[in-house]
Amino acid sequence: MEKYYLTTPLYYVNASPHIGHAYTNVISDCAARFNRLNNKEVFFLTGTDEHGEKIKKAAEQAGVDTETFIEEKVLVFKDLWKKLHISEHFFIRTSQKFHVDVVQKAIKFLSDKGDIYKSEYEGYYCIPCESFWTKTQVQEAGGCPECKRNIEKIVEENYFFKLSKYSGWLKNYIRDNPDFIKPKIRYNEVVGFLENNSLEDLCISRPKRRVSWGIDFPLDDKYVVYVWFDALLNYISGVGFGTDKDKFKKWWPADIQFIGKDILRHHAVVWPVMLKALDIEPPRTVFAHGWWKIEAVKISKSKGNIVNPLELMEQIGADSLRYFLLREITIGMDGNYSWEGIVNRINSDLANDFGNLIFRVLNMTEKYFQAKVNCPVEWRVPPEFAPFVGDSDLKQAYMKSMNALDFPAALEKVWGFIKIMNKYIEDMKPWILWKEKDIEKLCSFLWSLLEGIRIVSVYIFPFMPRTACSIAGQLGCRLDESRISLDMSKDYNVYWTRKSFETKKGLPLFPRIDVN
Ligand code: MSP
């Protein structure tokens, strides 16, 4: 079985998660579930980034000790992922001992290799962004280039990692591996950056008198490890590096690492160099998605425009939120968040198109066949359904879009089938068949629709897992998460052996949202 290892960034625990964080995990979960459907063995890693001064400061502001503060925040993240049906295999925390050991061992290894040295650091450091900037960058931006806050100059002794030594290697690697950074716009951004800037060595220590919340620097007890150098290593410590050789060999290199575009340089420049220096292969792909914005402003704590996903889910449900996030923007692009946008999507795609289809079909099954439709002996796929059933055009188009992570395109194709089914009901006029007592035709008609809905439930599983399961339940089928597969020909055979759909109407799957 082919393996598929995917990761999300580790979220800072200085604040509760907002919709932007939820987005990264929702796209990752959709990819994880799709690859499982596609018969791959998947390992999905997410977690929390728990070091750095801003976390300690946030705890101070909240009037709690740092450990308690972190424990509380970690629970909020875990709770969110559970409610959003995120199917991670491991939730890593950078405070875990095995991870700390890996970070310290990595630094010792690099030091023995001659890739770490001590020197005076003079530069600009932004605490909220945990990032260093050069004088020119700060002058050009009039503050921190990332968050625009005022930024302080610091001069101090520190330990440096010889990033510059690997700049030639990195340029060649990126040139020879066009799939390493995706989408293309981000690939070009990194290539441009490397062409116009020479790589400077990376300061990887922080003096404890200034930054006390971090992993002890193994070469000098007056320092802690720079939080990014620590956090990036989670991607290997999380799959057994330093603890379980076989596990690491099985999963590394990561097949895809999802990140937001704001942390591209850390992942596409620093990270591959760290791995190269450690004699480890880089990940296959780093995929940078865009930002959710409100009226053109990035959603973030510092801008004060956050949307709380837990509150939003209480209003619209987890699967509807997942659907909105995955359907609304092409991954890689920025998207505009608005309540009107959510209402339109849910009312039109989910309540009108899909919810109505299921409601009508189940109603007819109850009314005409007492909720049990037996497989007609002479059943043939209706010609209108041919492009969608079994190993069909729909399957091919869906696979292509999903493999390219083009989630809106995949959903559009599936909705094409939903629309055809709605039209089929109008065209076939079942109420006339019923009046004319054409039971045989009516039975074939409903069988086709029930089978169509069952197929759709498989396709939407990566997007709306709970909904897919409850649709299957309403059709009297069981959607077994561990066995569900996109192998439609196999699945289709199941159809031939299945004798009936015994439906059980549940609560409306997608209640309409009142606009006012
Ligand atoms: N801790 C670092 C990552 C370390 S990975 C080894 C970090 N954490 S974060 O909590 O600030 O951000 C985590 C992710 O959330 C990033 O990928 C970031 O792009 C994403 N988002 C934060 N705000 C966002 C939006 N408004 N929209 C979409 N995603 C955004 O960076």
Side-chain angles (χ1 to χ4, degrees), residues 6-28 45-55 58 70 73-74 76-77 80-81 86 91-95 99 102-103 106 126-131 144 146-147 186 213-215 225-239 254 256-272 274-275 283 286-309 312 324-326 328-338:
L6 78 164
T7 67
T8 74
L10 296 192
Y11 301 95
Y12 285 129
V13 287
N14 61 318
S16 294
H18 61 65
I19 196 98
H21 305 128
Y23 180 63
T24 318
N25 271 32
V26 166
I27 55 175
S28 305
L45 183 73
T46 190
T48 40
D49 193 347
E50 303 186 6
H51 295 128
E53 217 41 19
K54 71 173 166 187
I55 290 164
I70 293 176
K73 286 287 177 244
V74 168
V76 181
F77 276 94
L80 174 61
W81 302 151
I86 303 300
F91 186 104
I92 188 169
R93 302 180 51 180
T94 53
S95 56
H99 172 77
V102 165
V103 174
C126 177
I127 296 179
C129 297
E130 303 283 8
S131 288
C144 167
E146 188 66 47
C147 69
R186 301 295 156 224
W213 195 251
I215 295 180
V225 179
Y226 169 43
V227 62
W228 269 101
F229 199 85
D230 147 10
L232 285 164
L233 289 165
N234 93 86
Y235 300 132
I236 54 172
S237 69
V239 281
I256 193 153
Q257 300 207 252
F258 286 107
I259 56 163
K261 63 181 181 179
D262 46 329
I263 51 176
L264 178 64
R265 242 178 255 171
H266 299 95
H267 285 83
V269 176
V270 177
W271 179 224
M274 282 169 67
L275 289 166
V286 167
F287 195 110
H289 65 70
W291 289 337
W292 280 93
K293 297 178 170 178
I294 294 180
E295 286 166 6
V297 178
K298 182 190 176 200
I299 296 179
S300 73
K301 186 175 173 248
S302 59
K303 296 282 182 316
N305 60 353
I306 57 161
V307 175
N308 181 334
L312 188 55
F324 171 74
L325 293 174
L326 292 162
E328 197 67 8
I329 56 174
T330 302
I331 171 178
M333 315 286 280
D334 289 348
N336 194 46
Y337 173 90
S338 72

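Indexing begins at 1, ligand by ligand and atom by atom, following the structure's order. For clarity, every value in this text was computed on a predicted model and none was experimentally measured.
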Side-chain contact test, heavy atoms from C-beta onward, threshold under 4.5 Å: evaluate it for Thr46 versus Phe77 and give yes or no.
no
Can we call the ring centroids of Trp292 and Phe324 under 6.0 Å apart?
yes
Ligand-residue contact atoms, ligand 1 with Ile299, heavy atoms, under 4.0 Å
23 (N), 25 (C), 26 (N)
Interfacing atoms of ligand 1 (cut-off 4.0 Å, heavy-atom, Tyr11)
10 (O), 13 (C), 14 (C), 15 (O)
Nearest-neighbour protein heavy atom for atom 31 (O) of ligand 1, which is reported as residue plus atom name and distance
Ile263 CG2, 3.6 Å
Considering only non-hydrogen protein atoms, determine which one is nearest to atom 19 (O) of ligand 1 and report residue, atom name and distance to 0.1 Å.
Asp262 OD1, 2.5 Å
Within 4.0 Å of some non-hydrogen atom of Gly290, the atoms of ligand 1 are 28 (C)
Apply the test side chain to side chain contact (heavy atoms under 4.5 Å, CB included) to residues Lys303 and Lys298: give CA-CA distance (whole Å), side-chain angles for both, the deciding distance (0.1 Å), then the verdict.
CA-CA 8 Å; Lys303 296 282 182 316; Lys298 182 190 176 200; 5.5 Å; no
Among all protein heavy atoms, pick the one closest to atom 20 (C) of ligand 1 and tell me residue, atom and distance.
Thr24 OG1, 3.9 Å
Counting both backbone and side chain atoms, is some N or O of Gly260 under 3.5 Å from an N or O of ligand 1?
yes
To the nearest 0.1 Å, how far is atom 11 (O) of ligand 1 from its closest protein heavy atom, and which atom is that?
Tyr12 CD1, 3.4 Å
Below 4.5 Å, heavy atoms only, C-beta onward: do Ile259 and Leu264 meet side chain to side chain?
yes
Which atoms from ligand 1 have a heavy atom of His289 less than 4.0 Å away?
28 (C), 29 (N)
Can you tell which of Trp228, Trp292, Trp271 gets a heavy atom nearest to atom 27 (N) of ligand 1?
Trp292
Which of the ligand 1 atoms, numbered from 1, are nearer than 4.0 Å to a heavy atom of Ile259:
17 (O)
Run through Ile55, Ile70, Val13 and flag the one making a side chain to side chain contact (heavy atoms under 4.5 Å, CB included) with Thr48.
Val13
What is the closest protein heavy atom to atom 15 (O) of ligand 1, and at what distance does it sit?
His21 CD2, 3.3 Å
Please examine the side chains of Glu328 and Asn336, heavy atoms only from C-beta on, and report whether any two atoms are closer than 4.5 Å.
no
Where Arg186 and Ala288 come nearest, the two heavy atoms and their spacing
CG-CB, 3.8 Å
Using distance alone, decide if ligand 1 has a nitrogen or oxygen within less than 3.5 Å of any nitrogen or oxygen in Leu232.
no
Numbered atoms and elements of ligand 1 in range of Ala231, under 4.0 angstrom, heavy atoms:
6 (C)
Which residue owns the protein heavy atom closest to atom 25 (C) of ligand 1, what's the atom, and how far is it?
Gly20 CA, 3.6 Å
Anything under 3.5 Å between a donor and an acceptor, one on a side chain of residues 15-23, the other on a protein residue two or more places apart or in another chain? List them.
unit_1, atom_1, unit_2, atom_2, d
Ser16, OG, Lys73, NZ, 3.3
His18, ND1, Gly20, N, 2.9
His21, ND1, His18, N, 3.0

Are Phe91 and Trp81 an aromatic pair by the rule of ring centers under 6.0 Å?
no
Checking the N or O distance criterion of under 3.5 Å, is ligand 1 in contact with Ser300?
no
Look at the rings of Phe258 and Phe287 and say which category their plane angle falls in: under 30° parallel, 30 to 60° tilted, over 60° perpendicular.
tilted
Give me the nearest non-hydrogen protein atom to atom 23 (N) of ligand 1 as residue plus atom name, then the distance to 0.1 Å.
His18 CE1, 3.2 Å
Relative to the heavy atoms of Asp49, which atoms of ligand 1 are at a distance of less than 4.0 Å?
1 (N), 2 (C), 4 (C)
Can you name the atoms of ligand 1, numbered from 1 with element, that are less than 4.0 Å from a heavy atom of Tyr235?
5 (S), 6 (C)
For the residue pair Asn25 and Tyr11, establish whether any side-chain heavy-atom pair is separated by less than 4.5 Å.
yes
Do we see a donor-acceptor contact under 3.5 Å between the side chains of Thr94 and Glu50?
no
Below 3.5 angstrom, do we get any N/O pair linking Trp291 and ligand 1?
no
